[in-house]
Amino acid sequence: MFAQAIRVESDYSPQPQPAKVALLGTGTVGLAVLQRLSEWSGTSFGHRLNLVYAANSRLSLKDLAGLDPALCAAALSEAPKCDRRTPPSDVLTALGDSGIRIVIDATADGEVAANHPALLDAGIHVATACKLAAGTDLALWQDIQSACERGGSRFGDRATVGAGLPLLRSLRELQQGGDRIHAIAGVMSGSLAWLFDRFDGSRPFSALVREAQARGYTEPDPREDLSGEDVRRKILILARAAGFPIESGCVDVASLVPLALSRLTPAEALDRLELLDPPIQAKLDEARSQGGSLRFVARLKEGCARVGLEILGPNDPLNGGSGTDNRVAIWSDRYRSQPLVIQGPGAGAEVTAAALLDDVIQAWARGASLRGEPFSP
Ligand SMILES: NC(=O)c1ccc[n+]([C@@H]2O[C@H](COP(=O)([O-])OP(=O)(O)OC[C@H]3O[C@@H](n4cnc5c(N)ncnc54)[C@H](OP(=O)(O)O)[C@@H]3O)[C@@H](O)[C@H]2O)c1
């Protein structure tokens, strides 16, 4: 009798109304988000979300009754190229002014990123894969924190560093438990991890860069990866989450791109990648003479951050991992001599989309609890 009463109660799990979701960006990551949403159709996860808006820089689709993710992926990917930019007002009209509302940012657009504080202030939750909001100007990061504190909206950033590896989560949870973060060091770029995992001097570094580009591991212009700017944004995001609100300019970045290569157009640069080879080969020779290995590393210690190529000794905690794996070590009050090490696939559309949708589900739960609606997570 008692067991039956419990079973009847657990069968009764009233759910709040679904969140209205807007997706910005239908490139590699955005299409993977649509794919995952379409796989969720008819499941309890799918029932929590109603995709009402999807856009890229050319076209937007809106349906308050709900877009079919599979159909809108096809429609958006076939949209002709033109100069149209999505005005934020489009998104606001689609989301309306009540209910749980969530914007997914799968763009690399600074204007979209700069608009996040306004969305959060309007009570709209944001889940982003784009590093331009939290990994650039400190003022923008502070605006985002303040907007979240004022309105209770959630800013989901787990896809920005390590493509959803539990890095930001671990930093925040350690601090919530009273721990203080002392230092962070990591291999945080999938493309640079792959390049230095492979580079043994048997082929010129430039040949490996061309192969990485052909495999889609680098940006179309590989100098964007080799400059270290992407890693600068990642260590800034981690540093700020670890309690060190530092300015972008406080990160010392040692670019791998020689001046002569940096001055060329993207097309010219691809023809002259051999300019990379002499200094990097010299660094490999130096590493070998010391019995070490080369890795492109970001470090934060005592509020100072730097990014660049390092020679790691055989027992360094950043050694290990393969392919495009990220590997990050965290030192804190409780992890003083032996760091906490987190390693795994830190790039790729599928894991990034999964991380974005983790944040969307968290935002749905936050929205439901703010509205006092009962829900089972
Ligand atoms: N790819 C990965 O593995 C990965 C991993 C982690 C994080 N990320 C981050 O995720 C973001 C997306 O990466 P991606 O590889 O998917 O880039 P992508 O393939 O270049 O796609 C970017 C998308 O954003 C759209 N877009 C640009 N401006 C827009 C605007 N104002 N409004 C709406 N849409 C706009 C583009 O439209 P068009 O289609 O019209 O050009 C395109 O669909 C980036 O910030 C990236 O750094 C990517």
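Every number for a ligand or one of its atoms is a count from 1 in the order of the listing.
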To atom 11 (C) of ligand 1, the nearest of L356, V29, T107 on a heavy-atom basis is T107
Under 4.0 Å from a heavy atom of V112: which atoms of ligand 1 are those, numbered in the order shown and with their elements? 30 (C), 31 (N)
Sub-4.5 Å side-chain heavy-atom contact between L49 and I361: yes
Does this structure show an ion pair linking R150 with D121, if we count only N-O contacts that are shorter than 4.0 Å? yes
Determine, using heavy atoms of A163 and all atoms of ligand 1, whether some pair is separated by less than 4.0 Å. no
With backbone taken as N, CA, C and O and side chain as the heavy atoms from C-beta onward, which portion of D109 lies under 4.0 Å from ligand 1: side chain, backbone, both, or neither? side chain
Is a donor on one side and an acceptor on the other found under 3.5 Å between the side chain of D359 and the backbone of R158? yes
Applying the side-chain hydrogen bond (donor to acceptor under 3.5 Å, both in side chains) test to K131, which of T160, D230, D157 qualifies? D230
The side-chain hydrogen bond (donor to acceptor under 3.5 Å, both in side chains) partners of E229 (sequence neighbours excluded) come to R232
I'd like to check V231 versus V253 (side-chain heavy atoms, cut-off strictly below 4.5 Å). Are they in contact? no
Within the 3.5 Å criterion, strictly below it, is a donor on Q35 or E39 matched to an acceptor on the partner's side chain? yes
Pull out every atom of ligand 1 sitting under 4.0 Å from any heavy atom of K131, numbered as shown with elements. 47 (O)
Residue pair L300 / L238, side-chain heavy-atom distance below 4.5 Å: no
Tell me if the CG atom of D97 is crowded by more than 12 foreign heavy atoms within 6.0 Å. no
Quick note on ligand 1: atoms under 4.0 Å from a heavy atom of A55 include exactly 33 (C), 34 (N)
With a 4.0 Å heavy-atom cut-off (strictly under), which part of N56 contacts ligand 1: side chain, backbone, both or neither? both
L24 versus ligand 1: do any nitrogen or oxygen atoms come within less than 3.5 Å of each other? no
I want to know if ligand 1 touches G30 in the polar sense, i.e. an N/O pair below 3.5 angstrom. no
Considering only heavy atoms of G348, which atoms of ligand 1 have at least one such atom less than 4.0 Å away? 3 (O)
Which ligand 1 atoms does A349 reach within 4.0 Å, using its non-hydrogen atoms? 3 (O)
As an exercise, identify every atom of ligand 1 less than 4.0 angstrom from a heavy atom of T28. 15 (O), 16 (O), 19 (O)
For R58, counting its heavy atoms only, list the atoms of ligand 1 lying under 4.0 Å from any of them. 38 (P), 39 (O), 40 (O)
